[in-house]
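Here the structure comes first, spelled out in structure tokens, and everything after it is commentary.
Labels below follow one simple rule: chain letters A, B, ... track the order of the sequence lines, proteins then strands, and each chain is numbered from 1.
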2 protein chains.
Amino acid sequence: MDVKTLCLGVLSMGERSGYEIKKTVEESFHHFFRAGYGSIYPALAELERAGHVAGREVAQEGRPAKRVYGITGAGRDLLHRALAGEEPRHVVRSEFLVLTYFAHLLPAERLATVLDTMIVRFRDGLAADLEHYARTNDQLTPGQRFALGYGRTVVAAALDYLERHRETLLDEVAVTDETGRPQAGGPLAAAGD
Amino acid sequence: MDVKTLCLGVLSMGERSGYEIKKTVEESFHHFFRAGYGSIYPALAELERAGHVAGREVAQEGRPAKRVYGITGAGRDLLHRALAGEEPRHVVRSEFLVLTYFAHLLPAERLATVLDTMIVRFRDGLAADLEHYARTNDQLTPGQRFALGYGRTVVAAALDYLERHRETLLDEVAVTDETGRPQAGGPLAAAGD
DNA sequence: GTGAACATGTAACGGGTTACATGATTGC
DNA sequence: GCAATCATGTAACCCGTTACATGTTCAC
């Protein structure tokens with residue numbers, strides 16, 4: 001799925017400018033999709049050229065003017081077809097977990113920092129999420145509630161895991177050598193007797 | 001983090017061919033990283049040119065010959081530095097969740113198929129995971145156990161969520177119109193009174 | 001002999017990221 | 001004045017994906 005399809009999807013919920021599309025994506029799709037201006041604006045331009053969206057200039061008071069786009073009939077058709085043909089992929093890319101995988105190659109202090117960074121990130125994200133959910137819950141479609149609930153559930157599980165295993169990992173890595181295995185004569189080796 | 005660093009990391013655990021690196025990544029990193037031959041082989045070639053790995057031809061009986069690579073001292077240095085400088089990013093990209101987000105734009109049958117596909121995928125993945133974990137558990141480093149446990153935990157939570165909300169989503173979408181909101185006069189509208 | 005697994009590579013393509021460039025408006 | 005937010009865009013670059021190309025060995 002490319003950013004063009006995503007823009008079409010967001011615009012199917014109502015008119016928006018490129019800037020506002022990014023805001024929507026950050027608020028509602030952050031668990032499973034991201035898009036920067038460098039991909040949104042070109043996508044919008046291409047979509048308009050093809051007649052899938054229509055843009056118009058809107059003056060604002062107290063703010064710079066913006067260009068809001070609305071989805072056209074042809075755009076809706078394209079969106080339906082794109083969604084129908086989309087494979088349900090689900091890919092995670094986490095340098096964080098690669099880092100923990102190679103925990104024994106990291107300075108102990110740095111490992112702790114990495115873990116704490118993620119715990120804080122998940123904690124804050126979850127709080128913002130619950131706040132957003134409470135605020136919009138009654139006007140969400142079933143699909144939106146489902147997707148948001150999925151994200152919330154998974155992040156909560158991840159956070160719980162991190163909080164419950166942080167200490168253990170730090171302690172265990174402290175008594176391993178540079179191969180990652182328990183040091184001969186160390187506490188872990190003794191425990192294994 | 002690029003595939004080069006990943007290859008270095010895998011090779012820090014022992015000599016391997018490109019083919020075997022891919023196997024390792026699929027077995028042990030599948031929850032949070034993927035790499036295809038199209039990126040592994042060029043990465044290995046570049047790494048060797050720079051002296052970070054050393055390859056040698058190994059004849060096998062009953063199989064084609066392979067070229068196995070070992071990490072060099074310079075390679076280990078580079079790996080340590082790369083890991084030290086790596087930001088703990090964690091990104092999910094899921095067309096699956098985008099699809100559920102726009103559930104009301106999908107044919108009901110297709111939505112059910114998408115949901116079931118993911119349930120089966122997670123179920124099978126979890127089973128393979130537990131099997132792999134049981135088989136290798138005693139020889140894993142703390143970091144490896146941590147990362148694998150994270151993946152297992154999160155997939156289990158996701159699977160549980162899907163199983164518990166599949167029916168609800170299907171039922172709710174069935175009684176909404178093309179805007180995703182409850183149909184006037186439908187069961188949901190009545191329930192809201 | 002045919003499909004599956006083993007094994008290695010190349011080249012084009014596509015798409016997103018990053019950096020750059022610019023400017024309005026508000027509030028401190 | 002200056003930082004922050006709002007607002008829009010371009011262009012180079014990176015890098016991974018996909019498709020293509022080839023060959024071995026085994027088991028059925």
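The separation between Y41(A) atom OH and dG16(C) atom P is 16 Å, rounded to whole Å. Following rounding to the nearest Å, I40(B) (CD1) and dA11(C) (P) show an atom-to-atom distance of 19 Å. The separation between L44(B) atom CG and dA7(C) atom C1' is 13 Å, rounded to whole Å. To the nearest angstrom, C1' of dT18(C) lies 11 Å from CZ of R89(B). Across the protein-nucleic acid pair, R16(B) atom CZ and dT8(C) atom P stand 13 Å apart, rounded to whole Å. Summarising the geometry, the separation between CZ on F33(B) and P on dC15(D) is reported as 12 Å, rounded to the nearest angstrom. Straight-line distance from the CG atom of L47(B) to the P atom of dT8(C): 15 Å, rounded to whole Å. When the P atom of dA4(D) is taken as reference, atom NZ of K23(A) falls 15 Å away, rounded to whole Å.
Distances shorter than 4.0 Å separate some side-chain N or O of Q60(A) from OP1 or OP2 on dA7(D). Considering only side-chain N and O atoms, S17(B) lies under 4.0 angstrom from the phosphate OP1 or OP2 of dT8(C). Phosphate contact (OP1/OP2 of dT8(C), side-chain N/O of Y19(B), threshold under 4.0 Å): absent.
Ion pairing between a basic and an acidic side chain is recognised when a charged N comes within 4.0 Å of a carboxylate O; E57(A) and K66(A) show no such pairing. Salt bridge status for R56(A) with E15(A): present, with a side-chain N to carboxylate O gap under 4.0 Å. A salt bridge between E27(A) and K22(A) is absent, with no side-chain N of the basic residue lying under 4.0 Å from a carboxylate O of the acidic one. We find that D77(B) and R81(B) are not joined by a salt bridge, their nearest charged nitrogen and carboxylate oxygen being 4.0 Å or further apart.
Residue K4(A) is out of contact with every strand shown, counting any heavy-atom pair closer than 4.0 Å. Note on K22(A): nothing from the nucleic acid sits closer than 4.0 angstrom, heavy atoms only. Among the heavy atoms of the strands lying under 4.0 Å from G38(A) is at least one base atom, whether or not backbone atoms are also near. Within the nucleic acid shown, A45(A) has no heavy atom closer than 4.0 Å to any nucleic acid atom. Here Y69(B) lies in heavy-atom contact (under 4.0 Å) with sugar-phosphate atoms only.
Nearest-nucleotide positions on DNA chain D place A35(B) closer to the 5' end than the other of A65(B) and A35(B). Between P42(B) and P64(A), the residue whose closest nucleotide on DNA chain C is further toward the 5' end is P42(B). Along DNA chain C, the nucleotide nearest to Y37(A) and the one nearest to R63(B) differ in position, and the one closer to the 5' end is contacted by R63(B).
When only modelled atom types and interatomic distance are considered, T5(B) and D2(B) share a side-chain donor-acceptor pair under 3.5 Å.
The listed nucleotides are dA7(D), dT8(C), dT17(C); the one nearest the side chain of R67(B) is dT8(C).
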